[in-house]
2 protein chains.
Amino acid sequence: MPGRVTTLKELAAQLGLSITTVSRALAGHEQIALKTRQRVTEAARQAGYVPNTAARTLVSGRSGFVGMVLPIRGPNLVDSFLGEFVTGLGEGLVSHGSDLILAAAAQGQSELSVLRHVVESGRADGVVVTRIAEVDERLAYLRQRNFPFVAHGRLLDGDFAYHWLDTDGAHAFGEAFDMLYDLGHRHFGLVTISEPMTFRHLRQDGLAAAIARRGDPSVRLDVATAPRFDRGARIQAINRLLHATERPTAIVALFDELALTVMEEAARAGLAIPRDLSVIGFDNIAASAYAPPGLTTFDASIRQCAREIGEMLLTVIGNRPDAPLTRLVRPTLVSRASHGPAPTRQN
Amino acid sequence: MPGRVTTLKELAAQLGLSITTVSRALAGHEQIALKTRQRVTEAARQAGYVPNTAARTLVSGRSGFVGMVLPIRGPNLVDSFLGEFVTGLGEGLVSHGSDLILAAAAQGQSELSVLRHVVESGRADGVVVTRIAEVDERLAYLRQRNFPFVAHGRLLDGDFAYHWLDTDGAHAFGEAFDMLYDLGHRHFGLVTISEPMTFRHLRQDGLAAAIARRGDPSVRLDVATAPRFDRGARIQAINRLLHATERPTAIVALFDELALTVMEEAARAGLAIPRDLSVIGFDNIAASAYAPPGLTTFDASIRQCAREIGEMLLTVIGNRPDAPLTRLVRPTLVSRASHGPAPTRQN
DNA sequence: AGCGAAATTGCAAACGTTTTAAATGCGAGC
DNA sequence: GCTCGCATTTAAAACGTTTGCAATTTCGCT
């Protein structure tokens with residue numbers, strides 16, 4: 001990189017042109033003579049010129065960034081979700097030359113305040129919001145502020161007047177029920193979390209709806225609930241399910257991590273999977289393939305979804321559509337060996 | 001948020017002060033009367049004022065961002081590493097108010113060109129570089145450019161004149177050998193990759209050094225090599241090892257994913273672990289705990305390392321130390337059930 | 001009352017870009 | 001030779017902040 005020219009001014013001086021002309025030439029404006037355009041482009045390439053982002057942002061009002069707030073969890077909580085999501089988002093953005101900015105929330109700092117900072121400081125042209133809560137102040141803020149965003153997930157109240165992409169957990173849980181019902185299961189367990197996330201309801205409602213559709217009064221559903229990050233409570237809740245006088249023959253877990261715990265506890269209780277108990281998860285995390293006997297689950301293809309979210313957001317930023325962009329992605333069943341026919345009753 | 005005031009100018013007008021004074025008051029300059037400072041601070045808080053990042057960056061030359069280039073891999077390659085790393089990095093940065101910018105490399109675009117773009121455009125005050133290659137053009141560029149960076153990993157040639165943090169893979173592999181030797185193993189296998197990453201050499205050299213230290217001529221080491229992302233070739237290489245006329249009794253894998261494949265193939269070949277074969281990995285990814293019988297491996301605590309890298313980089317950006325900051329993190333052995341005494345020879 | 005120093009505040013330039021509006025050069029038409 | 005219109009180029013303002021220097025106010029002291 002010979003003769004480091006960093007600014008438009010230097011480049012202009014070197015070419016004997018005005019800043020304006022150079023700027024326009026690089027932007028490819030038709031009004032600049034073709035010969036000049038070529039000359040400028042070549043000189044810029046030679047000099048390794050890269051426009052200054054801050055200056056461009058300041059004048060144009062567009063930063064070329066998409067923001068996301070990093071959810072910081074407890075110290076030993078790895079987010080198998082995050083790596084995939086970030087990768088996918090990056091893929092979706094790169095084609096349009098956007099980059100991703102990740103702002104972490106410090107301990108004790110609310111996610112909302114970080115989000116506000118990102119928005120108000122003009123760091124980003126739009127943001128992605130994940131894991132929607134039942135009452136989500138982030139969405140409320142963004143909508144009131146009329147700031148471009150795409151949500152990964154939905155609110156419950158049917159108020160869908162914003163752009164979102166979601167995985168159809170309701171459908172998946174219905175599918176799981178139907179499959180298990182057809183295998184003879186009548187007594188079901190659901191392991192869920194107590195945090196007010198909307199996906200919890202959507203999935204549970206999908207299960208309930210499928211049960212209702214079947215119209216079989218002999219179907220029974222027991223629900224075990226525990227806080228998301230309290231491993232002890234989770235194990236307790238699961239064991240209450242496993243050691244009830246009438247034990248479910250099939251357990252559906254809100255997501256794979258819960259399902260894996262169910263399988264561990266079942267093994268500890270001497271139950272063979274799938275002979276004594278069928279287990280079905282959701283997410284298809286890497287460990288699910290390895291945990292014996294292989295967890296049957298649904299693959300939500302997070303990376304692909306994140307990529308689409310990135311593309312949606314760029315559309316929103318560019319076009320400001322007034323009709324909401326929405327997309328419901330149907331997860332695919334990954335059939336492994338953790339489910340099978342209901343055991344013949346003898347209990 | 002009543003009366004949205006967004007700029008310093010508006011805030012100044014509202015307070016009847018000059019822009020200069022307001023700016024200085026918010027920055028806490030002593031020269032501004034305490035009373036004024038308080039008045040300004042309160043008004044800014046009320047108005048929800050957040051300084052414009054672009055303007056600040058433009059004049060100060062500091063963006064407050066740390067950059068990193070997202071390695072985009074093949075479509076179905078999840079990077080269990082990335083999520084943890086990004087989370088840790090975010091944690092390390094947030095305490096000093098920095099954010100992270102992630103730039104993805106588009107298909108066919110070199111990682112170097114993206115890095116150059118990030119640097120030259122002034123988007124970031126410093127960058128993090130991971131997965132160091134034997135001949136790493138990114139490091140060469142950054143050093144020549146004298147741009148602040150911290151590397152996750154080391155070059156081989158002893159030319160350590162830059163800031164880095166690395167996991168001591170050499171030590172870990174030595175430890176693994178010593179442990180297995182003491183369990184009676186004499187015939188070892190190493191499963192490694194063909195990509196020119198420095199960590200491959202460091203770990204292999206650590207193993208070789210431990211063997212040499214022991215000075216036992218009966219120790220034998222067979223090496224199986226395959227491209228990182230070619231599952232077929234990987235399986236082939238591993239099976240050559242497993243089906244050799246004289247099979248190793250202990251296999252050390254460069255990282256867990258390889259170790260898990262070894263365990264799968266061993267199971268397929270009817271070998272019981274750890275009775276017939278001991279396997280040891282490196283990384284401690286989530287799946288390693290679930291894959292039967294539980295993989296013995298080393299935990300590199302990626303998240304913690306990334307956090308330290310973030311803190312190091314902020315130091316580098318702030319202080320520009322001339323002595324290199326370096327840190328070698330010793331991974332800890334996670335002892336599960338995939339290793340045991342060497343089988344008694346009968347072959 | 002007046003002077004000077006100290007305390008406090010403000011003016012204006014600068015950062016590097018985009019963009020509006022205007023200027024310049026040039027050939028054609030009369 | 002003069003004007004008009006077109007193609008091409010440029011001057012200057014603007015974006016919102018920080019900061020060197022200058023201006024203003026305050027206040028103690030004589």
Side-chain angles (χ1 to χ4, degrees), chain A residues 4-41 43-44 47-65 97 99 117-125 318, chain B residues 4-41 43-44 47-65 97 117-125:
Chain A
R4 311 228 94 266
V5 176
T6 47
T7 80
L8 221 42
K9 187 154 78 175
E10 294 179 50
L11 202 55
Q14 183 187 301
L15 283 162
L17 289 170
S18 74
I19 294 179
T20 310
T21 306
V22 176
S23 171
R24 289 217 167 98
L26 290 175
H29 285 209
E30 292 288 338
Q31 57 186 265
I32 303 294
L34 180 61
K35 212 165 56 177
T36 314
R37 264 184 283 165
Q38 290 170 336
R39 197 160 66 97
V40 170
T41 312
Y49 169 74
V50 178
N52 180 294
T53 305
R56 175 176 279 181
T57 301
L58 188 56
V59 62
S60 72
R62 282 279 166 87
S63 71
F65 283 116
D99 286 334
H117 222 80
V118 169
V119 169
E120 307 289 340
S121 68
R123 280 162 155 75
D125 303 332
Chain B
R4 313 228 93 268
V5 176
T6 46
T7 80
L8 220 43
K9 186 153 77 175
E10 293 178 50
L11 201 55
Q14 183 187 302
L15 283 161
L17 288 168
S18 75
I19 294 180
T20 308
T21 306
V22 176
S23 170
R24 290 212 168 101
L26 289 175
H29 285 208
E30 291 289 337
Q31 59 185 173
I32 303 294
L34 181 60
K35 213 166 55 177
T36 314
R37 265 184 283 164
Q38 290 171 336
R39 196 161 66 96
V40 171
T41 312
Y49 169 74
V50 177
N52 180 295
T53 305
R56 174 176 280 182
T57 300
L58 189 55
V59 63
S60 72
R62 282 279 164 86
S63 70
F65 283 117
H117 222 81
V118 168
V119 169
E120 307 289 341
S121 67
R123 283 161 152 77
D125 302 332

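Please read these numbers as outputs of a predicted model, since none were measured by experiment. Labels below follow one simple rule: chain letters A, B, ... track the order of the sequence lines, proteins then strands, and each chain is numbered from 1.
Side-chain N/O atoms of A:Ser23 include one lying less than 4.0 angstrom from OP1 or OP2 on C:dT18. In this model, the phosphate group of D:dT17 is approached by a side-chain N or O of B:Tyr49 to a distance below 4.0 Å at OP1 or OP2. Applying the 4.0 Å criterion to OP1 and OP2 of D:dT9, one finds that A:Thr21 has every side-chain N and O outside that range. The side chain of A:Thr36 contributes an N or O atom lying less than 4.0 Å from OP1 or OP2 of D:dT9.
Rounded to a whole Å, the CG atom of A:Leu8 is 18 Å from the P atom of C:dA14. Distance, B:Lys35 NZ to C:dT9 P: 9 Å, rounded to whole Å. Rounded to whole Å, the distance from CG on B:Leu17 to P on D:dT25 is 14 Å. Rounded to an integer number of Å, the gap from CD1 of B:Ile19 to C1' of D:dT19 is 13 Å. Taking atom CZ of residue B:Arg123 and atom P of nucleotide C:dT17, one finds them 13 Å apart after rounding to whole Å. Put simply, CG on B:Asn52 is 10 Å from P on D:dT18, counting in whole angstrom units. Distance, B:Arg24 CZ to C:dC11 P: 12 Å, rounded to whole Å. Rounded to whole Å, the distance from CG on A:Leu58 to P on C:dT18 is 12 Å.
Separation of atoms CZ (B:Arg24) and CD (B:Glu30) is listed at 13.0 Å; rounding is to 0.5 Å.
Contact check for A:Arg37 versus A:Val40: no side-chain heavy atoms found under the 4.5 Å cut-off. Residues B:Leu8 and B:Leu26 are in side-chain contact: their nearest non-hydrogen atoms beyond the backbone lie under 4.5 Å apart. Contact annotation: the side chain of A:Ile32 approaches that of A:Thr21 to within less than 4.5 Å [non-hydrogen atoms, C-beta and beyond].
Toward the 5′ end of DNA chain D lies the nearest nucleotide of A:Leu34, the other residue of the pair B:Lys9 and A:Leu34 mapping further downstream. Residue order along DNA chain C, read from the 5' end via each residue's closest nucleotide, puts B:Val22 first among B:Val22 and B:Val59.
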Derivation of the side chain to side chain donor-acceptor pair (under 3.5 Å) call for B:Arg62 and B:Ser60: CA-CA 5 Å; B:Arg62 282 279 164 86; B:Ser60 72; over 6 Å; no
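Remark: the A:Thr20 side chain and the D:dA11 base include a donor-acceptor N/O pair separated by less than 3.5 Å.
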